[in-house]
Chemist: 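The structure's right below; bear with me while I get my questions together.
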Amino acid sequence: ERAKLAKLRRLPAKTTDGELVELQANLEIPQELPLIAQAGAQGIGLLRTEFLFMNREDLPDEEAQVAAYSQIVEALAGDPVTIRVLDWGGEKDMEALAEGIVPAHAGPNPALGLRGLRMLLKRPELLEVQFAAILRVAARAPQGAVRVLLPMVTIPDEVKQAREIYDRVARRLRRRGEKLPESLPMLGAMIETPGAALAADAIALEADFFAIGTNDLAMYTLAVDRAEADVAHLYDPLHPAVLRLMQFATEAALRIRIPVSVCGEMAGNAKLVPLLLGLGIRCLSMNASALPRVKQAVRALDITDCARFARRVMEQSDPARIRELVSEFGAEKA
Ligand code: PEP
Ligand code: MG
């Protein structure tokens, strides 16, 4: 088994009809870095930077952030690393950012409150430090090796505002005499709210790439908090509403030719690979442990089959029927 996995690591994630699929890893803590190399990931599609802000009483300064990001970017040796700026709020409560650092007490419904980019635009000094650190790390990495990702976007203007801050930080660094990358790293948007998904064509005009976050997209679309046991049975990323939003966002990205990936839990489910490829997705970012099985699935698939399968799935209205189709397709392939 171990030898088989080692062999798989060196094989390309290529479908039987020759389509290459990019398989990347999500990283939550730097300690997971060795797993990423073992899994044979082609870069990090989602670096969650929350770890830097947890379990401490002050904020990590620019130098501390440069050290943390460069350790990761260097370990990836030129493979792309998508650094998502702080996604604080909602269920991601962090002691360090309590009173005085971010506006205290998130209100009656934290998931609908000051979360992710909303919080950062309210406290731009947090975003400025993080952008500065990322730009400095990108300057020392190969061109294109670093990308920046904005969490919890709902309107195009949020991306525009973030980009204004990004450009301003770059100008300030240049004045300070810091080395900057030749062209600034791409600045992308998470598509993880129904609003962002349905306005994806408008957001695509402001963002350099999309990362579809299916965990939050399903939660916000279905109005179901997974932590609420009483409604957890309604949490279903295969609900047609979630799939239609993913399809709309993917097509918007493909039309305007910006990269699009899926980085929620769905991306690590080997059974769902045919559906995601059939919808036009060619980049998946997942927990490193899921990567070998997903690669195996990719290598057994034909894109034309996947596209036909996705069309059938998208005609369905019942999540249970969709689940059935997914397992039937899997059984045929096995
Ligand atoms: C998501 O919401 O799907 C996602 C990838 O982001 P996170 O799980 O960090 O909220
Ligand atoms: Mg999310």
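Values below: every heavy atom of this structure, side chains too, minus hydrogens, waters and symmetry copies. Note that ligands are numbered from 1 as they come in the structure, with each ligand's atoms numbered from 1 the same way.
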Chemist: Any idea which part of Thr214 is under 4.0 Å from ligand 1, heavy-atom wise: side chain, backbone, both or neither?
Modeler: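 It is the backbone that gets close, since no side chain atom is under 4.0 Å.
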
Chemist: Please could you name the atoms of ligand 1 that Cys263 approaches to less than 4.0 Å, counting only its heavy atoms?
Modeler: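 Within the 4.0 Å cut-off of Cys263, ligand 1 contributes 5 (C).
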
Chemist: Do any side-chain atoms of residues 177-187 form donor-acceptor pairs under 3.5 angstrom with protein atoms, and if so which ones, sequence neighbours left out?
Modeler:
{"residue": "Glu178", "atom": "OE2", "partner": "Arg176", "partner atom": "NH1", "Å": "2.9"}
{"residue": "Lys179", "atom": "NZ", "partner": "Ala139", "partner atom": "O", "Å": "3.0"}
{"residue": "Ser183", "atom": "OG", "partner": "Gln143", "partner atom": "NE2", "Å": "2.8"}

Chemist: Using a cut-off of 6.0 Å, state whether more than 12 heavy atoms not belonging to Arg299 lie near its atom CZ.
Modeler: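 Atom CZ in Arg299 is packed in, count exceeds 12.
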
Chemist: Using a 4.0 Å heavy-atom cut-off, which part of Met190 comes near ligand 1: side chain, backbone, both, or neither?
Modeler: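 Just the side chain.
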
Chemist: Strictly by salt bridge (Lys or Arg N to Asp or Glu O under 4.0 Å), give each pair with a member in residues 259-268 just once, sequence neighbours left out.
Modeler: none

Chemist: Taking only non-hydrogen atoms of Glu50, do any sit less than 4.0 angstrom from ligand 1?
Modeler: no

Chemist: Salt bridge check, Arg282 against Glu19: does any charged N sit closer than 4.0 Å to a carboxylate O?
Modeler: yes

Chemist: Judged by modelled atom types alone, do Thr49 and Gln130 share a side-chain donor-acceptor pair under 3.5 Å?
Modeler: yes

Chemist: Heavy-atom distances under 4.0 Å are what count here, so tell me which part of Leu217 touches ligand 1: side chain, backbone, both or neither.
Modeler: neither

Chemist: Just to be sure I read this right, does ligand 1 sit under 4.0 Å from the backbone of Met219, its side chain, both, or neither, counting only heavy atoms?
Modeler: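 No part of Met219 comes within reach of ligand 1.
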
Chemist: Using a 4.0 Å cut-off to any heavy atom of Glu192, which atoms of ligand 1 qualify?
Modeler: 1 (C), 2 (O), 6 (O)

Chemist: Can you name the N/O/S atom of Asp216 that is nearest the Mg ion (ligand 2)?
Modeler: OD2

Chemist: In the single-linkage hydrophobic clustering (I, L, V, M, F, W, Y; side-chain heavy atoms under 4.5 Å), do Met190 and Ile165 co-cluster?
Modeler: no

Chemist: Ignoring hydrogens and angles, state whether a donor on the side chain of Gln65 or Glu63 is under 3.5 Å from an acceptor on the partner side chain.
Modeler: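 Gln65 vs Glu63: no donor-acceptor pair found between side chains.
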
Chemist: Which of the atoms in ligand 1, numbered in the order shown and given with their element, are less than 4.0 Å from a heavy-atom of Leu46?
Modeler: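 Going through ligand 1 atom by atom, the ones under 4.0 Å from Leu46 are 5 (C).
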
Chemist: May I ask you to list the atoms of ligand 1 that are less than 4.0 angstrom from any heavy atom of Arg115?
Modeler: 10 (O)

Chemist: Does the pair Arg147/Asp208 count as a salt bridge with the N-to-O cut at 4.0 Å?
Modeler: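 Result for this pair is no, no salt bridge flagged.
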
Chemist: Find, among atoms of Glu192 that are N, O or S, the one nearest to the Mg ion (ligand 2), and state its name.
Modeler: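 It is OE1 of Glu192.
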
